[in-house]
Amino acid sequence: MKGYLYDSDRCMACTSCTVVCPVAAATREFLGPKMVGPALSRFRRPALAPDLAADLCSNCKNCDISCPSGVPISTLNMLSKAEYYRHHRHRLRDWVLSHGQLMGNLATPFVPLSNLAIANPISRTMLGAFGFAGRMPLPAYVRKTFRKQFRALRQQSFPQKVVFFPGCYIDFYDPGVGLDFVAVMQANEYEVVVPRGLGCCGTPMVANGFPGAAERAVRRNVRALQEWTDAGVPVVACCTSCSLTLKQEQQELFDVPGAAELAARVYDATEFLLELRDRGKLKTDLKQLSGRYLYHAPCHLRDQGIGRPGFEMLGSLPGLEISDADAGCCGLSGSYGFKGDRYEVAQAVGDALFKKVRASGADAVISECGTCRHQITVATGAKTLHPISVMRRAFE
Ligand code: SF4
Ligand code: SF4
């Protein structure tokens with residue numbers, strides 16, 4: 001893991017980060033990004049007792065987006081959490097929430113029993129006793145993971161290849177998004193490759209103070225992708241937290257050989273498609289669609305500095321009406337809103353978005369992030385979709 005006093009001296013105390021921090025706005029318990037990040041990190045030398053001031057930080061990265069000095073504030077916060085947990089025991093709840101791949105591998109063979117086991121009222125009360133938010137249902141596992149379904153797919157072979165990084169959410173909860181990506185790429189004469197050995201991107205481990213497990217995940221992914229990055233093949237993710245980690249966070253936190261070379265090849269799926277479209281490489285005989293949609297940009301997409309490529313792509317599809325919710329963070333932030341002691345903050349953070357969704361009357365809410373979609377559906381009852389699922393209908 002990289003050094004502890006990482007770049008905090010670039011902070012000029014302008015407080016822009018504090019103004020945009022959704023958690024600081026939702027609770028006075030949180031000191032805010034300037035104080036918890038660069039200011040306190042100057043005092044957090046190993047000889048001093050590590051503190052948990054950063055634990056309320058959800059790693060949404062809105063502070064990073066706003067900082068004019070390029071201070072990686074959320075990364076300082078995650079380093080601070082990691083340091084704390086070098087000296088203190090983790091909660092079982094945080095271990096479960098951050099090891100989604102292992103939990104998925106254990107749970108999916110027993111669907112629907114495993115879903116019943118976590119969703120019935122008695123077990124939700126028990127989960128509450130272990131620190132989970134009883135009112136926030138965990139997403140349901142699928143019986144057939146994306147990887148399983150992908151292995152059974154018969155793709156048409158094309159000289160142009162693209163590597164797909166599924167990540168845990170698509171693999172265990174929402175495989176249809178990955179299959180939609182494959183269909184869109186096949187319609188545009190690309191063959192999709194999913195190398196063996198890919199796993200969790202590491203973000204949930206970082207956010208819950210397991211830097212060792214996160215670094216092992218990064219090393220494993222870099223190794224699994226090396227053959228393809230060496231060959232110059234693009235690596236595409238449909239989950240914005242995965243694409244952000246592969247592009248940026250893994251380099252801010254760890255020194256892993258090959259990570260920078262991989263980062264240079266990584267795209268978010270909508271970014272990749274927009275680039276192909278702008279180069280005239282996408283099909284243009286698209287099907288006429290219909291529908292009125294509301295778009296929510298995930299924080300981890302906005303932090304990538306690539307605009308809103310999914311919103312732009314969908315806006316250009318024939319027959320679609322789409323507006324941007326522009327209502328900030330949904331509040332869930334991966335695993336944060338599933339915690340009993342963070343649930344109220346997560347709901348308060350997402351409240352502006354929930355109000356816009358309820359008032360919109362849209363047919364569905366579109367967002368690239370699986371956990372944003374889950375939060376929106378649970379809070380408002382709205383139907384949610386990944387942009388790629390709408391694009392599939394236009395391209396096929
Ligand atoms: S990552 Fe999000 S919650 Fe954490 S300090 Fe930055 S803006 Fe606030
Ligand atoms: S936005 Fe950047 S420079 Fe301004 S207070 Fe926050 S960390 Fe410091």
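Counting starts at 1 for both ligands and their atoms, in listed order. Position 1 is the first residue of the sequence; numbering continues from there.
- Under the rule for a salt bridge (Lys or Arg N to Asp or Glu O under 4.0 Å), the partners of Arg147 that lie at least two apart in sequence or sit in another chain are Asp171.
- Of the protein's non-hydrogen atoms, the one nearest atom 8 (Fe) of ligand 1 is Cys21 SG, 2.3 Å.
- Taking a cut-off of under 4.0 Å to the non-hydrogen atoms of Ser58, the atoms of ligand 1 that pass are 3 (S), 4 (Fe).
- Separating the SG atom in Cys60 from the OH atom in Tyr336 is a distance of 9.0 Å, to the nearest 0.5 Å.
- Interface of Lys61 with ligand 1, defined as ligand atoms under 4.0 Å from a residue heavy atom, comprises 1 (S), 2 (Fe).
- A salt bridge links Asp324 to Arg308: at least one charged side-chain nitrogen sits closer than 4.0 Å to a carboxylate oxygen.
- Between the side chains of Gln250 and Thr245, no donor N or O sits under 3.5 Å from an acceptor N or O.
- Contact between Ala24 and ligand 1 is absent, with no heavy atom of the residue lying under 4.0 Å from the ligand.
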Tabulate below the donor-acceptor pairs under 3.5 Å that side-chain atoms of residues 311-319 make, not counting sequence neighbours, or state none.
unit_1: Ser316; atom_1: OG; unit_2: Arg277; atom_2: NH1; d: 3.1
unit_1: Ser316; atom_1: OG; unit_2: Met313; atom_2: O; d: 2.7

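- Per-residue contacts place Asn59 under 4.0 angstrom from the following atoms of ligand 1 (heavy atoms of the residue considered): 1 (S), 4 (Fe).
- The distance from ligand 1 to the heavy atoms of Ser74 drops below 4.0 Å at these ligand atoms: 1 (S).
- Under a 4.0 Å N-O distance rule, the pair Glu261/Arg265 does not qualify as a salt bridge.
- Ligand-side atoms of ligand 1 in range of Val23: 3 (S), range being under 4.0 angstrom from any heavy atom.
- Numbered from 1 in the order shown, with element, the atoms of ligand 1 that lie under 4.0 Å from a heavy atom of Asn77 read 5 (S).
- Among the atoms of Cys57, an N, O or S atom falls under 2.8 Å from atom 4 (Fe) of ligand 1.
- Taking the ring-ring contact (aromatic ring centres under 6.0 Å, His included) definition, one finds that His300 meets it with nothing, sequence neighbours left out.
- The structure places CG of Leu332 at 10.0 Å from CD1 of Ile376, a figure rounded to the nearest 0.5 Å.
- The closest protein non-hydrogen atom to atom 2 (Fe) of ligand 1 is Cys60 SG, 2.3 Å.
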Checklist entry - Would Lys339 and Glu344 satisfy salt bridge (Lys or Arg N to Asp or Glu O under 4.0 Å), going step by step from the backbone distance to the final call? => result CA-CA 9 Å; Lys339 301 176 181 180; Glu344 296 293 348; over 6 Å; no
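- In this structure, Phe210 has its ring center under 6.0 Å from that of His99.
- Around atom 8 (Fe) of ligand 2, protein N, O or S atoms at less than 2.8 Å number 1.
- For Phe110 and Tyr141, the gap between ring centers reaches or exceeds 6.0 Å.
- Comment: Asp174 engages Arg373 in a salt bridge, judged by a side-chain N to carboxylate O separation of less than 4.0 angstrom.
- Atoms of ligand 1 found under 4.0 Å from any heavy atom of Cys63, numbered from 1 in the order shown, are 1 (S), 5 (S), 6 (Fe), 7 (S).
- Put simply, Cys299 stays out of reach of atom 2 (Fe) of ligand 1, with no N, O or S atom under 2.8 Å from it.
- Residue contact check: Pro68 has heavy atoms under 4.0 Å from atoms 1 (S) of ligand 2.
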